[in-house]
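Since the structure comes first, as structure tokens, the remarks are kept for the end.
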2 protein chains.
Amino acid sequence: MLAVMHNPVTLRDVARAAKVSVSTASRALAGAGLTSKVTAARLRAVATELGYRPNTLARGLKTRSSRLIGLVVHNLENASFRVLAEVAQQRLRAAGYQVILCITADDPEQEAETIATLMDQRADGLIICPTGQNGARLAALERNGTPVACVIRRDEAVELETVLAADPEGAFEGTRHLLELGHRRIGLIVGRPETTSGRERLSGYRRALQEAGLGFDASLVHAGRYHPEVGLAGCQALLDRPDRPTALFVANHEATLGVLRGLAERGIIIPDDLSVLCYEDSPSLAWQRPAISVVDNGPAALAELAVDRLLRRLRGSPAGAAREYRIGARLIQRQSCRPLSLPVEA
Amino acid sequence: MLAVMHNPVTLRDVARAAKVSVSTASRALAGAGLTSKVTAARLRAVATELGYRPNTLARGLKTRSSRLIGLVVHNLENASFRVLAEVAQQRLRAAGYQVILCITADDPEQEAETIATLMDQRADGLIICPTGQNGARLAALERNGTPVACVIRRDEAVELETVLAADPEGAFEGTRHLLELGHRRIGLIVGRPETTSGRERLSGYRRALQEAGLGFDASLVHAGRYHPEVGLAGCQALLDRPDRPTALFVANHEATLGVLRGLAERGIIIPDDLSVLCYEDSPSLAWQRPAISVVDNGPAALAELAVDRLLRRLRGSPAGAAREYRIGARLIQRQSCRPLSLPVEA
DNA sequence: CTTGCAACCGCAAACGATTGCAGTCCATGC
DNA sequence: GCATGGACTGCAATCGTTTGCGGTTGCAAG
């Protein structure tokens, strides 16, 4: 009575109750027309009557499919990862899968360990924002027949289906927007150059400058982790320059929190004294006053496509020929950028 | 070759390779001293050599334990839920469990469905922020031997181990802080009274007023969902009063985004013109300028305790006698509250 | 050389489902 | 009346583990 008794009604029980064999019970409940309509109906009735629920473990053991998908992200604070988690969970559940949440803190060790346990769990597939250090393991997964979809980040060492934001174009658009407003000295606070996103966003910025006939001034870019502290430090460094920038392009919403504080501390008014543009949207940037203009990398669309690709392969389609998909980024103009009418004093 | 071949090395294989029976292989690898040291060592060697990884499904089927824990939250945007997910994932993984993420959008239907599939999956336990409409199902789970820990929210219909923030005290402290600063008309933007948190935060506010010898003015409280829109609307309504409040207590960080915008739109300066205090911390409130004072409900501590309680029961301890645990909230003073020196003009 | 006692080890039965194969039944056509 | 075939159904093996139970083995004591 007080012992454990995990839902004890099994397929045997319903078979017995309906006076058929376990196999017919299985087939009847499977739905395809493997049995006569009447037995099927009877079995369904008995099953619901008894409150039968199939044991996913047993089924998985036999069918070699756990209907579990691993979702591997760096954290849940970054808005892109967060909506990835939300969207993936929602859509995969709708498709009959459960998601196992794994957080790596961008640490290859944890990522490796996570991948291993996911294999033990016989996960049917993986959606992962890779650190980039475990390509071999991911490739091994694929070889074992477990589809892997990379998203938001890429593992450069290995060919995997990957869906990314159009970072180079997005950064290009953003920078060009500032240029069109007349800005010439545009500070950039961006991710570390070891990361794809850091490099790509930087390259978009450079290309925009170049197309505008402007030289590239490395001292205007400040690279670091995606964290408010970094934004604050970058902001301070850039503002300490004698010819301080008239606009700041911040390549991440967390870092933007830091630059906003940095500006406020110095009494610099956005957008009157300085324009600010952020790569990646987030609710707090949208509700902020003045509302911060952003180039939205479309995390929901990224997530949806990644899930789609994975589901397609789970249904048996081979990996697409095109291994890399890009989701367009788009500029959302709010109130933090304004035309540079006059050169600032001095 | 191109067929699916989920990691094919099984216990049989390592047993065969080591020339022992499957059972000894199992026992040797289990670790407890069920075999001689030497066979154990040999088996371990062979196992790693062959790259053996136990099949969790098969093991789970036999041991009636999936080592899967369901984590059921309303969303991932709210900071409390988010850190719950992060902390739970991290600590449960450390204890050898995986987390199945389920998002209910605070919808009882989805919650019910989610609970059902979690049962099918033979989840070993549940950490849940209940909607409050599925108490019966949760109780059924418990009866089947699956421990359930509620956190952040409570299901009032049923007795379950529950860890909550000390909302009444927290709201009391917050309100008293504002009172001590001299504020007398304090607007409250709070959750709907159908929710425990809405009621409790309101009650703390009322008690503080009462202890200060002040009457309760229902027109100073604005109740609604935890959403920026609601904060904005509440803020506008309160500011339209002839005797507008000199301080606002906003019972949720998302709603606070809305009131901050509302204030900014009217050119009201925090804290000079109006003091703002928020219940629940979040990075954007902390980095904001002026930084918003908050009463921190300690989501990490909530999560840790919930996980602890669950783990304890998973290890076999019976449910504690005390079914409800409270985590103290604490005031974090930043820059958004200031003493009311003079009565405002008029 | 027996006996007793541990310490190890293997057999085989589970766990709860799916599925290939073979059997049963009935209706049909000749 | 009998062969033919189709539609259902049941048997039994299987997925990869764990574990109760009985059997071997080795060694010390008698």
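Quick caveat, the model's predicted, so the values are computed rather than measured.
Within the structure, a side-chain polar atom (N or O) of B:Thr39 is placed less than 4.0 Å from OP1 or OP2 of C:dC9. Proximity of B:Arg59 to the phosphate of D:dT18: a side-chain N or O atom is located under 4.0 Å from OP1 or OP2. Residue B:Thr10 places no side-chain N or O under 4.0 Å from the OP1 or OP2 atom of D:dG16. Side-chain N/O atoms of A:Thr24 include none lying less than 4.0 angstrom from OP1 or OP2 on D:dC8. B:Ser26 has a side-chain polar atom (N or O) that falls below the 4.0 Å cut-off from OP1 or OP2 of D:dT18.
Between the side chain of B:Arg122 and the base of C:dG16 there is no donor-acceptor pair of N/O atoms closer than 3.5 Å.
The nearest whole Å value for the distance from the NZ atom in B:Lys19 to the C1' atom in C:dC9 is 16 Å. One can place CD of B:Gln121 at 14 Å from P of C:dA17, the figure rounded to the nearest angstrom. Across the protein-nucleic acid pair, A:Leu11 atom CG and C:dT18 atom C1' stand 9 Å apart, rounded to whole Å. Distance CG (A:Leu61) to P (C:dG16): 12 Å, rounded to an integer number of Å. A:Leu29 has its CG atom 14 Å from the P atom of C:dT19, to the nearest Å. If you measure from atom CZ of A:Arg53 to atom C1' of C:dC15, you get 19 Å, rounded to the nearest angstrom. The distance between atom CZ of B:Arg16 and atom P of C:dC9, rounded to the nearest whole Å, is 19 Å. Rounded to whole Å, the distance from CZ on A:Arg12 to P on C:dT18 is 15 Å.
The side chain of B:Ser21 lies closest to C:dC11, out of C:dA13, D:dC15, C:dC11. Which of D:dC15, C:dA17, D:dG10 sits closest to the side chain of A:Arg27 comes down to D:dG10.
The residue among A:Lys62 and B:Ala58 whose nearest nucleotide of DNA chain C is located toward the 5' end is B:Ala58.
Here A:Thr56 lies out of heavy-atom contact (under 4.0 Å) with every strand. Residue contacts shown for A:Ser23 include a base, since a base heavy atom lies under 4.0 Å away.
Look at B:Arg44 and B:Glu49 and you find no salt bridge, because none of the NZ, NE, NH1 or NH2 atoms lies under 4.0 Å from a carboxylate O. Ionic pairing of B:Arg137 and B:Glu111 is not present here: no N-O contact between side-chain nitrogen and carboxylate oxygen is shorter than 4.0 angstrom. By the 4.0 Å N-to-carboxylate-O rule, B:Arg309 lies close enough to B:Glu161 to be salt-bridged with it.
In the model, A:Thr10 has no side-chain atom that pairs as donor or acceptor with a side-chain atom of A:Tyr52 under 3.5 Å.
Looking at every heavy atom in both residues, B:Arg91 comes nearest to B:Asp308 through NH2-OD1, 3.8 Å.
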